[in-house]
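Before any comments, here is the structure.
Everything numeric here is computed off the predicted structure, so don't read it as measured data. In what follows, chains carry the letters A, B, and so on, assigned in the order in which the sequence lines appear, proteins first and then strands, with residues in each chain numbered from 1.
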Amino acid sequence: MAKACWMVVYAVMALAVQGMLGHLGVPGALVPQLLLILVVALSFSEANSFGSLMSFGIGLLLDFSSATLIGPWAGSCVVVFCILALLSQRLFIDSGIAAMVITFSSVVVANVLFSLFGSEYPALTWEYPQRVFGQAIVTAVLAPIILSFLVRRARRMSNALIGRGNALSAV
Amino acid sequence: MLSEYVALLCCALLLTAYSARNPAFARFPTTALLEVVAPLHAAVDFAQDSSRRIWTSYVALRSVADENQALRARLTELESERNALVEFKVENQRLRGLLELSSVSQLKGVSADVIGDEPSGWGRGILVNRGASHGVGIGMAVVHPRGVVGQVVAVSPNFAHVLLVTDHSSGVDVMTQDSRVRGVIEGIGSDHCELRYVSKETPVRVGDVVITSGMDGVFPKGLPVGSVSKVAVETGTLLQNVEIKASVDFDKLEEVLVVTGVAGQGTRVEEAKTLVKVDTLEKRRE
């Protein structure tokens, strides 16, 4: 429950920051997809039902914030989570470069899937790849810092829960 | 585990399909999210505005005395000019009434500050700090002195989400100002739109100004939308591709007007009565 609450807080904060950056004059291609960093963090720290549900919820938040179609972001976040969760046994995001590469690929995949789910074909102009890759690069640059914080925090919370469980069983 | 992912994916696809047919079904979560996120945007906007104001006030202090004098002189000049204009306006209204012409319609609305952009980074929606409690409703037109901005798609008590005309899911019934060629514009990303359903034979030239036709029941007639930036005629088709450059710079949008109605519409009889009264009074005075 505590984990879910923290995730919701992080997601709302990320959403607010993304919106503010756009308003402060940062071009669309340079707005980082902070919510997708959360999905990446979830797939490596919570590769289970909780993580998939949270990813779906994060996607829904993005959908609600755009107030047009509900579902495309939720779908793309679930697919990204699914791919990363399946690969999480073989991949490690402890190194900065790995985190950057994984986040970059996730942002590209999520944006392409969003366009497919949301039938955004009219938006597929020359500006589209520019924007997708721009967002992916900016997100990847920020990813090592944010991911290390999130994954460390998730592990600490899991350890605390295990410790509490052990103490209870000892009693 | 995999079946769970597939179930969630199916759920997302079903939601997409359902929301495409029933746009109003997610109104509550959208409104709730708006109420949570928009105050954060408003706070940052306030901080940004305050710092800008402090800076400009400080810089302005250095030449404030000279500027004050110059402004006073200009004010006196403008006041006399304004008095003359008021006289012209009254005279113009009376003459229009006599000629049975309707007065130029004025937009009634709520002015709002832009406090945030759509968080996905695709930048085709904006958040404004006026909502249902200020009289803003879903479907209302949003304009700027330079032209049409978009349409309200979600409203919470204090904030509203505006879909820009450059979004591919928005459509505005328009016509060209000179040749009166009608069509529907749809967004194609960035600050460009496409004018659809224009026949090949219809004369449309680069530079033509495009205004709202008022036929869609959302945007009042005569608001500038943009100008034609490209005309392409493809062989084997009946229609031509017309690209429009929006007259509003959406990146620099700070304030907008949410149109709640048009003053002067449906009041021609009352207007005529008033004018007759004014005329009678003037005759009595004479």
Side-chain angles (χ1 to χ4, degrees), chain A residues 12-35 47-49 52-53 55-56 59-79 81-82 85-86 114 117-125 127-128 131 135, chain B residues 1-2 4-20 23 25-27 29-34 36-41 44-45 48 114-127 153-154 161-163 167-169 186-190 192 194 251-253:
Chain A
V12 171
M13 274 168 59
L15 202 64
V17 170
Q18 278 182 216
M20 276 175 220
L21 285 175
H23 183 52
L24 290 174
V26 178
L30 296 179
V31 174
Q33 294 273 16
L34 299 176
L35 285 160
N48 49 33
S49 312
S52 58
L53 277 173
S55 301
F56 184 77
L60 272 185
L61 266 183
L62 257 179
D63 285 322
F64 289 140
S65 70
S66 65
T68 43
L69 280 179
I70 309 295
W73 274 117
S76 39
C77 283
V78 166
V79 174
F81 176 85
C82 168
L86 292 174
F114 166 71
F117 287 146
S119 306
E120 296 257 341
Y121 310 119
L124 299 177
T125 52
E127 206 191 346
Y128 179 79
R131 189 167 281 220
Q135 285 185 353
Chain B
M1 198 65 187
L2 206 60
E4 195 178 291
Y5 297 148
V6 174
L8 279 174
L9 185 60
C10 289
C11 204
L13 289 172
L14 282 174
L15 273 174
T16 310
Y18 190 73
S19 65
F25 102 99
R27 195 165 285 168
T30 308
T31 307
L33 187 68
L34 208 58
V36 173
V37 176
L40 300 173
H41 287 200
V44 171
D45 195 54
Q48 194 191 356
V114 179
I115 55 162
D117 279 22
E118 195 181 296
S120 67
W122 290 87
R124 292 168 312 192
I126 51 170
L127 302 181
V153 286
H161 187 138
V162 179
L163 188 73
D167 188 283
H168 79 90
S169 56
E186 286 176 13
I188 52 169
S190 62
H192 283 76
E194 198 174 8
D251 292 333
K252 291 176 184 164
L253 214 52

Exercise. Count the heavy-atom pairs under 4.5 Å between each of Leu34(A), Asn48(A), Val17(A), Leu86(A) and chain B, then report the option with the highest count.
Key: Asn48(A)
Quiz item: Which atoms of Leu8(B) come close to chain A, meaning under 4.5 Å heavy atom to heavy atom: side chain ones, backbone ones, both, or neither?
Solution: both
Quiz item: Looking only at heavy atoms, what is the nearest atom pair of Ser19(B) and Ile70(A), with distance?
Solution: OG-N, 2.9 Å
Quiz item: So which heavy atom on Ser52(A) is nearest to which on Glu4(B), and how close?
Solution: OG-OE2, 2.8 Å
Exercise. Check Leu40(B) against Met20(A) and note the closest heavy-atom contact, atom names and distance.
Key: O-CE, 3.6 Å
Quiz prompt | Separation between OG1 of Thr16(B) and CH2 of Trp73(A), rounded to the nearest 0.5 Å | solution = 12.5 Å
Quiz prompt | Flag side-chain contact, heavy atom, 4.5 Å: Leu33(B) against Leu15(A) | solution = yes
Quiz prompt | Under 4.5 Å from a heavy atom of chain A, the part of Val44(B) involved | solution = side chain
Exercise. Could you pull out the closest heavy-atom pair between Tyr5(B) and Val78(A), with the gap in Å?
Key: O-CG1, 3.8 Å
Self-check item: Under the side-chain hydrogen bond (donor to acceptor under 3.5 Å, both in side chains) test, residues paired with Ser169(B) that sit two or more places apart
Solution: Asp167(B)
Quiz item: Listed by chain and number, what are the side-chain hydrogen bond (donor to acceptor under 3.5 Å, both in side chains) partners of Ser76(A), not counting sequence neighbours?
Solution: none
Quiz item: If every non-hydrogen atom of Leu9(B) is compared with every non-hydrogen atom of Phe117(A), which pair is closest and at what distance?
Solution: CD1-CZ, 3.7 Å
Quiz item: Checking heavy atoms, do the side chain of Ile115(B), its backbone, both or neither come under 4.5 Å from chain A?
Solution: backbone
Quiz item: Between Phe56(A) and Leu15(B), does a side-chain contact (heavy atoms from CB on, under 4.5 Å) hold up when you go through it step by step?
Solution: CA-CA 12 Å; Phe56(A) 184 77; Leu15(B) 273 174; 4.0 Å; yes
Self-check item: Heavy-atom proximity to chain B below 4.5 Å, by part of Leu61(A)
Solution: both
Practice problem: Tell me, for Leu53(A) versus chain B, whether the close heavy atoms (under 4.5 Å) come from the side chain, the backbone, both or neither. | Solution: both
Quiz prompt | Options Ala12(B), Cys10(B), Ala32(B), Cys11(B), ranked by heavy-atom pairs under 4.5 Å with chain A, top entry | solution = Ala12(B)
